[in-house]
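Below is one structure, written out as structure tokens, with a few remarks after it.
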Amino acid sequence: MSDTPVIPEEPIQKARHPFVEAWEMFRRNHAAVVALAVLVLIILGAIFGPILYATDPFEMVWAPFSPPGVDGYLLGTDYLGRDMMAMVLNGARVSLLIGLAAAVVSVVIGVTVGALAGFYRGLVEEVLMRITEFFQVLPTLLFSMVIVALFGASLPMITFAIGVVSWTAVARITRSEFLRIRELEYVTASRASGVKNLRLMFKVILPNALPPIIVQSALMVGSAILFEAGLSFLGLTDPNIVSWGQIIGSNRQYILDASFTVTIPGLAIFVTVLAISLVGDGLNDALNPKLRQR
Amino acid sequence: MTEPLLKVENLRIELKLRDGVAPVIDDLSFELMPGESLSFVGESGCGKSMTALAIMGLLPEGIGRIASGKLIFDGEDLTTASEARLRQIRGNEISMIFQEPMTSLNPVITVGEQIAEVLRTHQGLSRKAAWDQAAELLDAVRIPNPRSRVSDYPFQMSGGQRQRVMIAIALACKPKILIADEPTTALDVTVQAQIFDLLRDLRAQTGTSIIMITHDMGAVAEMAERMIVMYAGRKAEIGPVDQIIDHARHPYTQGLISCVPHIMSDLTETREELTEVPGIVPSLREFGRDQCLFASRCKYRSGECLQHRPPAKGFGNGQISDCWHAEAL
């Protein structure tokens, strides 16, 4: 057929890629953009700070309680005369690392439980959701303190303890998304083309369930950092590492004499968690199709 | 005579309701020959889609079940086949396309990947080979620039194109049976015609049997050789399309035919009045009663219609009607 019209290679207006669209939505939330910039700074500080500012955070470098900016120590020294600047930078690593790792742990547990419950329904769902409810009603701080007290205050154990008490929200969200999506036509269509259950769960349904899970896990990083701060404030932490909560905890007796030793790491926690929450909020704007119309 | 490819015997599907069970398919039997095109016609809720889902083994879990009867595909009874065996058959030997092309594709995976996945699962093709074949299939369903469109996401395609992709997925493994559940209902008329053309051509090329489910008599006349008219979970009439349209032996079929407008070549020709079938389909609770379920809407209703389920009456030409008054019509 020689008279077939030539079809142009590219359609005139291509629909935009979802990532581009999500970024457009994210950008409209100014607070989230600022928070993202702050968060990037904090992460860069955590990665490169201890390398560029190579003072050992455990070393006594000067007289105790030297106020910030005096005697050449930007953030002052703590009750043992250790350099606060080095402590905050090193603490950032630990706090962010635990925050991220604990969020990963809880997402892995939560998504697995939620996916199985939402996909298989019936008895599986009953059992898994009762277990979820059991974890929901446990006093979280107390339970993680018990875990750390029993199994020792190493970094992995603290991470696990935080993850294990905070996965319930993810499980519930995942389950609800699975319940919704499993009835959609493209899932039936995939079944009709002989896709196996495991693939259906993780390649067909899960990618479509991700947006609310992503938002929830971003927020979870923030709460995990707070949780870690709480635990290490109570002294349930590895004494060989510095974390923000631990700085506050170890200086708490001197809060009236040298309030900066508590305020500075406190501010670090506050700013970081706030930034993460605002970014999470921005992600919600970007990924939640129900907010698209605004 | 060749063996039928699919033989459905006395199929009964029950749906669990809040109060008891309802037979959404009640004693249905039919045969599908290799390469044949068969249509199911009927109103919404008369069990057309349930039949399709039953053949695929995809009845809604915990709600619908095959209560009795056999589904014999290629000598194998699907009602007793294992889930693993059914998965092998699905998409490979029997595949299905759905009513709503806008929602039948996974929105987060490229169309090429969705086609390739079926090929990899059932034919064990390599990633590369499956991808190449996906592009060829897109070409076969007449999507322009298949090489670049394979990496498109469903949202970058129109409804008609998505339905073509669905057809490509369904036909990827050269199935013996293609079930099309109202494949054109959600598409506009010109696109409908294109999809029918495509299905007809692909059937001619591959020899796939097609079971088409529709409520559009026009579509049946265009696509099918034989048709089954369903009403309230029961077969009302079965037979070759030409003969049924020419002389329907069931009042419900007559009603369906008379509510389709005809284009006359000559405007002065007297037109038949367009009529509708009065009333509505009985509720699920009334399914399965020992009477003619169409009786409440039927102008030929008599005493026996309300007392006993009508028997199947054959007419020698392959036409069978389940109506007490079939001979008189």
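Letters go in sequence order (proteins before strands), and every chain restarts at 1.
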Rounded to the nearest 0.5 Å, what separates atom [atom1] in [X] from atom [atom2] in [Y]?
{"X": "A/Arg191", "Y": "B/Met56", "atom1": "CZ", "atom2": "CE", "answer": "11.5 Å"}
{"X": "A/Ser193", "Y": "B/Met166", "atom1": "OG", "atom2": "CE", "answer": "7.5 Å"}
{"X": "A/Thr188", "Y": "B/Glu100", "atom1": "OG1", "atom2": "CD", "answer": "12.5 Å"}
{"X": "B/Ile109", "Y": "A/Asn208", "atom1": "CD1", "atom2": "CG", "answer": "7.5 Å"}

Under 4.5 Å from a heavy atom of chain A, the part of [X] involved:
{"X": "B/Val108", "answer": "both"}
{"X": "B/Leu58", "answer": "side chain"}
{"X": "B/Arg162", "answer": "neither"}
{"X": "B/Met102", "answer": "neither"}

Is there a side-chain contact between B/Arg87 and A/Val195 (heavy atoms, below 4.5 Å)?
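With C-beta onward as the side chain, the pair stays apart.
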Shortest non-hydrogen separation from [X] to [Y] and the atoms involved:
{"X": "A/Ala189", "Y": "B/Ser104", "answer": "CB-O, 3.5 Å"}
{"X": "B/Met96", "Y": "A/Ala192", "answer": "CB-CB, 4.2 Å"}
{"X": "A/Gly194", "Y": "B/Thr121", "answer": "O-CG2, 4.1 Å"}
{"X": "B/Asn106", "Y": "A/Tyr186", "answer": "N-CB, 3.6 Å"}

State whether A/Arg199 and B/Glu117 are salt-bridged, where the test is any N-O pair (Lys NZ or Arg NE/NH1/NH2 against Asp/Glu carboxylate O) under 4.0 Å.
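A salt bridge links A/Arg199 with B/Glu117.
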Do A/Lys203 and B/Glu113 meet the salt-bridge criterion of a basic N to acidic O distance under 4.0 Å?
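Answer for the salt bridge query: yes.
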Count the heavy atoms of every other residue, nucleotide or ligand shown that sit under 6.0 Å from CZ of A/Phe160, and state whether that count exceeds 12.
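For A/Phe160, atom CZ is not crowded (no more than 12 foreign heavy atoms under 6.0 Å).
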More than 12 heavy atoms from other groups under 6.0 Å of CZ on A/Phe270
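Not buried by this count: 12 neighbours or fewer within 6.0 Å.
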